[in-house]
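Working notes for the structure below.
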Amino acid sequence: MSLSRTPLGRVQGLGSAKHGVGHFIGQRVSAVALVLLVLWAVGSGLRLAGYDYPTTVAWLRSGPNTVLTLLLLGTGFFHMNLGMRTVIEDYVTQPLVRAAVLIASQFVCWIFGVTGVIAVLKVAFGGGVY
Amino acid sequence: MAEAKTGAGLAQRPTSPHVQIWRWHITMLGSILHRATGVALYGGALLLALWAASLAAGPGPFGGFKALLGSLPGKGVLFGLTLSIFYHLANGVRHLAWDTGKGFEPKVADMTGAAAIAFAVAATVAVWVLAALSGRLV
């Protein structure tokens with residue numbers, strides 16, 4: 001008899017969603033990738049601080065910078081989505097409020113993540129002359 | 001299982017002491033900082049997306065966004081984010097080591113915790129000194 005289930009949950013065949021391992025592994029694999037991506041990002045930020053608009057566009061258009069910026073956005077938003085979920089689940093106990101906050105964080109991650117990726121692609125493939 | 005109750009039964013159970021009961025120690029501080037800096041970096045990632053969006057929107061919006069980041073409050077936010085990045089990075093590596101089962105001895109955990117904080121401060125100061133020396137803070 002599993003101690004992690006309430007009697008009602010056991011009768012109804014409820015319990016964990018069996019997705020916890022995916023969360024655990026995803027958080028760590030993205031963490032390993034972010035160690036390198038974030039170090040690159042800090043170095044890049046330092047350079048970009050001195051760039052004007054055309055230089056910044058030219059920087060983002062170079063192949064490695066486009067790829068690494070997209071990887072940073074994708075991996076970063078994936079990692080922070082999982083992390084914020086853990087924080088919300090720890091502190092927000094009211095079921096309805098918890099669901100609302102979890103959904104809100106999901107929306108924020110996807111809206112800002114997609115916006116960032118599309119913006120980078122637009123600059124990279126924009127083709128305009130600045 | 002007979003004791004498994006909800007609602008009224010919960011109130012009588014002993015509860016674990018909260019932060020204001022514990023004597024502060026470095027591993028506790030390290031854990032709290034990891035969470036706090038993680039939440040701060042959530043905001044930092046939103047700023048990164050907005051930066052890319054402003055760049056895609058054209059010179060006007062980009063200039064406005066850069067001016068915002070370059071203002072005194074903007075620099076304060078960026079400084080805090082630099083500190084958060086380096087702390088979360090160092091303590092994240094500490095977590096990855098823990099996942100392999102290493103580094104749990106109290107003395108080792110205290111030492112790596114202090115090292116993570118020291119690294120964050122030193123790396124942040126180095127980045128901002130570098131920025132100041134290369135004239136990129138103006």
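None of these values were measured; they are calculated from a predicted model.
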Would you mind checking which part of [X] comes under 4.5 Å of any heavy atom in chain B, side chain (CB onward), backbone (N, CA, C, O), both or neither?
X	answer
A:Val87	both
A:Leu39	side chain
A:Val42	side chain
A:Leu72	side chain
A:Ile111	neither

Q | Transitive ILVMFWY side-chain link A:Ile88 to A:Trp110, under 4.5 Å | A | no
Q: Below 4.5 Å from any heavy atom of chain A, which atoms of B:Leu89 appear? Answer side chain, backbone, both or neither.
A: side chain
Q.
Which atoms of B:Leu69 are under 4.5 Å from chain A, going by heavy atoms: the side chain, the backbone, both sets, or neither?
A. neither
What I'd like to find out is whether the side chain of [X] reaches to under 4.5 Å of the side chain of [Y], using heavy atoms alone.
X	Y	answer
A:Val57	A:Tyr51	no
B:Tyr87	B:Phe119	no
A:Leu82	A:Phe24	no

Q.
Show the nearest heavy-atom pair for residues A:Arg61 and A:Val123, with the distance to one decimal.
A. NE-O, 2.8 Å
Q. Take atom CZ in A:Arg85; do more than 12 heavy atoms of anything else shown fall under 6.0 Å from it?
A. no
